[in-house]
2 protein chains.
Amino acid sequence: MKAQPPAVSIAAHNSDNRARLKQQREQLLLQLAQQILQQEGFAGLTMDRLTAASEVSKGTIYNHFCSKEDLITALSVDSLQRQLLLFQQALSVSGHSRERALALHYAYFLFSTTEPTLFLCLLSAATPAVVEKSSASRLAQRQALEQQLLGFCQQVIRQALAENAISLQGGCSIEELTYLQWAQAFGANALYRPAQQMGFFQGLAQQQLVLAGVNLMLDGLGWRPLSADFDYQSCWQRIALALQQQAPQAQS
Amino acid sequence: MKAQPPAVSIAAHNSDNRARLKQQREQLLLQLAQQILQQEGFAGLTMDRLTAASEVSKGTIYNHFCSKEDLITALSVDSLQRQLLLFQQALSVSGHSRERALALHYAYFLFSTTEPTLFLCLLSAATPAVVEKSSASRLAQRQALEQQLLGFCQQVIRQALAENAISLQGGCSIEELTYLQWAQAFGANALYRPAQQMGFFQGLAQQQLVLAGVNLMLDGLGWRPLSADFDYQSCWQRIALALQQQAPQAQS
DNA sequence: ACCTGAACACCGTTCAAGT
DNA sequence: ACCTGAACACCGTTCAAGT
């Protein structure tokens, strides 16, 4: 008695299909853009070159990205999606709350080193020149993903409170703690290359620095067990192994 | 008996004068660029507009900056020079080593809020697109200034060691500590606006976050007196007053 | 030796025509 | 409804001519 349900279903299916194909093409374009970025540097990424590398025309590319800057923001969204996957994997390693916090820091560090180009996109996307010319929807997408990432961090802090591993006296909120850890991780990973290039430290590995930074902050917070009472160096290596096994090789 | 010392002296004087005038003009150009940046945003800063705002021609501007990106890097050099002045003022406040470390963090925070545009230039200048197209000499200038700034931080850590306020066991070097504090400060100040914009914290002031972050790190390090034994909140306010008095108003 | 600004080249963006 | 690519516009950069 209902009016042609199959027709509706086919229409919906077609529309879905079309959206899925568009989505796939966008993913391909992003991959090509990333490749150009790696091979030619940021100055070498032009819309002409992306057009040449792809099999679509300029107009179609502008159908996906409203500006070159929007393309950069799209790459940063891609970055955050990968980070999200890494965070999920990181939270699947077992251990007490501080080990899990460390796992998240490791995931962040791992991403910054295995995908340096995408990590730099994230930095570029924070720049006003890029924000000013990106579409509102793309910026909203980025924000939503960042919120999800921070959500994972808050989750671990809540676990710590439940375990009685920390006590938040003196008005230090969960949000505040999350933010400070984010800031520490962002700074320690983003500034490593510049600092190294100016010869600031001789043989200090980024890994060790990040681990030391986390330990400093979490010890300061009194997150038990303290680094004096637990071997976080071994823990770090265990996390590294666990995450490497889950993602044997990075995509080409 | 010597050959015309006056002539040489006059020549030198003229040459000095010329260099000084060029330097002055460059300073003026940077000021104008900053003004355009504030009024029109990063997308609004074009070489044409800068030419129009100045009283020189395009060719002359390219005599100062080899590219638009070089101009951004020059603005970041200007930023670092101002930061250096603030650091010097910060170190003139009296107190034990941890108070002096706090003073440096305050100076960094103060700069990031009173000169948001220049602070963003610093962020942009860290971006590959800008680095790739900046002159080697300008990049070297920036590096030298950053090294000077980090030198101030190391100085305070050495003071702490001399005072026996900290003990660096376990291979944690002065450079490592300096880097981690830089990373923390950079992250906490650079991410504040984005985080605020996504509504991550309701009424948390940047100041309080930065202070909390520093306390966490320095407590974790065991830098005496610990925050439980000393009123760093008051100390922070005392530093704020001291730095405001030395520089009553920021330049327009 | 330095300044000028017209000319050039490149590249981001649009849009009329096509399917 | 979507794709195309020629045309456009803007803007970074250069350089022959001038002082």
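Quick note on labels: first sequence line is chain A, next is B, and so on, each numbered from 1. None of the values given here were measured: they were computed from a predicted structure.
Residue B/T46 is in sugar-phosphate contact alone, with no base atom involved, counting any heavy-atom pair closer than 4.0 Å across all strands shown. Within the nucleic acid shown, A/K133 comes within 4.0 Å of sugar-phosphate atoms alone, with no base atom in reach, counting heavy atoms only. Within 4.0 Å (heavy atoms only), A/T51 reaches no atom of the nucleic acid at all.
Here the nucleotide nearest the side chain of B/S57, chosen from D/dT4, C/dC3, D/dG12, is C/dC3. Of the candidate nucleotides D/dC3, C/dT14, C/dT4, C/dT14 has the atom nearest to the side chain of A/Y62. Taking the side chain of A/R25 as heavy atoms from C-beta on, and the options C/dT13, D/dC3, C/dA1, the nearest nucleotide is D/dC3. Closest to the side chain of A/V56, from the set D/dT4, C/dG5, C/dA1, is D/dT4.
In this structure a side-chain-to-backbone donor-acceptor pair under 3.5 Å is missing from A/R82 to A/F111. The main-chain N or O of A/A129 is never found under 3.5 Å from a side-chain atom of A/T127 such that the two would form a donor-acceptor pair. The backbone N or O of A/G187 lies less than 3.5 Å from no partner atom in the side chain of A/Y192, so there is not a single donor-acceptor pair.
Base pairing analysis places C/dC10 opposite nothing; no Watson-Crick or G-U wobble pair with both distances below 3.5 Å involves it. Figure legend. C/dA16 is base-paired to D/dT4; pairs are counted as Watson-Crick or G-U wobble with both atom distances under 3.5 Å.
If you measure from atom CG of A/L50 to atom C1' of C/dC11, you get 13 Å, rounded to the nearest angstrom. Between the NZ atom of B/K22 and the P atom of C/dA1 there is a distance of 13 Å, given to the nearest Å. A straight line from CD of A/E69 to C1' of C/dT13 spans 12 Å, rounded to a whole angstrom. Rounded to an integer number of Å, the gap from CD1 of B/I61 to C1' of D/dC11 is 13 Å. A straight line from CG of A/L21 to P of D/dA1 spans 18 Å, rounded to a whole angstrom. Distance A/F65 CZ to C/dT14 P: 15 Å, rounded to the nearest Å. Whole-Å rounding puts the A/H64 NE2 to D/dC2 P distance at 10 Å. Spacing between atom CG of B/D70 and atom P of D/dT14 amounts to 12 Å, rounded to whole angstrom units.
Residue-to-nucleotide contacts include a donor-acceptor pair under 3.5 Å from the side chain of B/K58 to the base of D/dT13.
Distances shown here put every side-chain N or O of A/R49 at or beyond 4.0 Å from the OP1 or OP2 atom of C/dC10. OP1 or OP2 of C/dC3 sits under 4.0 Å from a side-chain N or O of B/N63. In terms of phosphate contacts, B/K68 brings a side-chain nitrogen or oxygen within less than 4.0 Å of OP1 or OP2 of D/dG12.
The existence of a salt bridge linking A/R138 and A/E26 is confirmed by a sub-4.0 Å separation between a basic side-chain nitrogen and an acidic carboxylate oxygen.
Of the N and O atoms on the side chains of A/Q181 and A/H105, at least one donor lies less than 3.5 Å from an acceptor on the other residue.
Nucleotides of DNA chain C nearest to A/G59 and A/D48 differ in position, and the one nearer the 5' end is that of A/D48.
When side chains are defined from C-beta on, B/F42 counts as touching B/L120, because their heavy atoms get closer than 4.5 Å.
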